[in-house]
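Along the sequence shown, residues carry numbers from 1.
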Amino acid sequence: MDADSIITSLPVKTPYFTADDLVTVFTTMAYQKGASLVRMLSNRINELNDEPNSAFWNAMAEYLQEFSYGNVNADDLFRVLSEFTNIDTTALLNSWVLQPGHPVLEFVEDSNIPDTYYITQRRYLSRENSR
């Protein structure tokens with residue numbers, strides 16, 4: 001998370017145009033965040049399905065079979081996962097893969113109105129980058 005907390009971090013899904021761009025796009029942070037997103041999605045799919053793990057792993061098996069020995073992109077994975085799970089994984093994951101960083105949610109209770117809370121969201125930045 002440290003690498004993704006600096007102001008210059010890139011989204012997981014970053015376009016590249018030249019071979020030199022690949023050095024900045026394929027980073028450890030991108031792979032770690034991507035793995036975290038797959039784990040998060042797997043957990044969410046398990047929560048919504050009667051047979052935990054089946055839909056997710058069936059989708060992953062289909063994805064690997066369909067695209068073996070070929071090139072893929074995130075949209076290919078999202079499409080297959082959506083077909084097997086009936087979840088719009090593109091809508092769910094695009095906000096995570098198209099934006100750099102991690103969200104920080106703040107919950108504040110309204111002292112004037114009982115049982116009323118306000119939620120704000122901002123990008124997490126490490127202390128040295130938040131000045």
**Study point:** Steps toward side-chain hydrogen bond (donor to acceptor under 3.5 Å, both in side chains) verdict (Asp110, Tyr118)
**Key:** CA-CA 7 Å; Asp110 188 325; Tyr118 299 99; 2.8 Å; yes
Check your understanding: Looking at Gln99 and Lys33, what are the two nearest heavy atoms and their distance?
Key -> O-NZ, 3.4 Å
Would you be so kind as to tabulate the donor-acceptor pairs closer than 3.5 Å made by side chains of residues 84-96, with sequence neighbours excluded?
| from | atom 1 | to | atom 2 | distance (Å) |
| --- | --- | --- | --- | --- |
| Thr85 | OG1 | Leu81 | O | 2.6 |
| Thr85 | OG1 | Ile87 | N | 3.3 |
| Asp88 | OD1 | Thr90 | N | 3.3 |
| Asp88 | OD1 | Ala91 | N | 3.2 |
| Thr89 | OG1 | Phe78 | O | 2.7 |
| Thr89 | OG1 | Ser82 | OG | 2.8 |

Check your understanding: Can you tell me how far CD1 of Ile45 sits from CE of Met40, rounded to the nearest 0.5 angstrom?
Key -> 10.5 Å
Practice item. Please name all residues satisfying side-chain hydrogen bond (donor to acceptor under 3.5 Å, both in side chains) with Glu47, sequence neighbours left out, ordered by chain then number. Key: Arg44
**Study point:** From CD (Glu66) to CZ (Arg79), nearest 0.5 Å
**Key:** 4.5 Å
Review point. Under the 3.5 angstrom rule, does the side chain of Asn73 hit a backbone N or O of Asp76 as a donor-acceptor pair?
Key: yes
Review point. Are any non-hydrogen side-chain atoms of Asn43 and Phe56 less than 4.5 angstrom apart?
Key: no
Study note, to complete from the structure: Gln121 and Pro103 have their tightest heavy-atom pair at NE2-CB, 3.7 Å
Exercise for review: Could you note down all residue pairs passing salt bridge (charged side-chain N to carboxylate O under 4.0 Å, His left out) where residues 95-104 supplies at least one of them, sequence neighbours left out?
Suggested key: none
Exercise for review: Kindly say whether Pro114 contributes a backbone atom to a donor-acceptor pair with the side chain of Thr116 at under 3.5 angstrom?
Suggested key: yes
Review point. Does a side-chain heavy-atom distance below 4.5 Å link Met60 with Leu77?
Key: yes
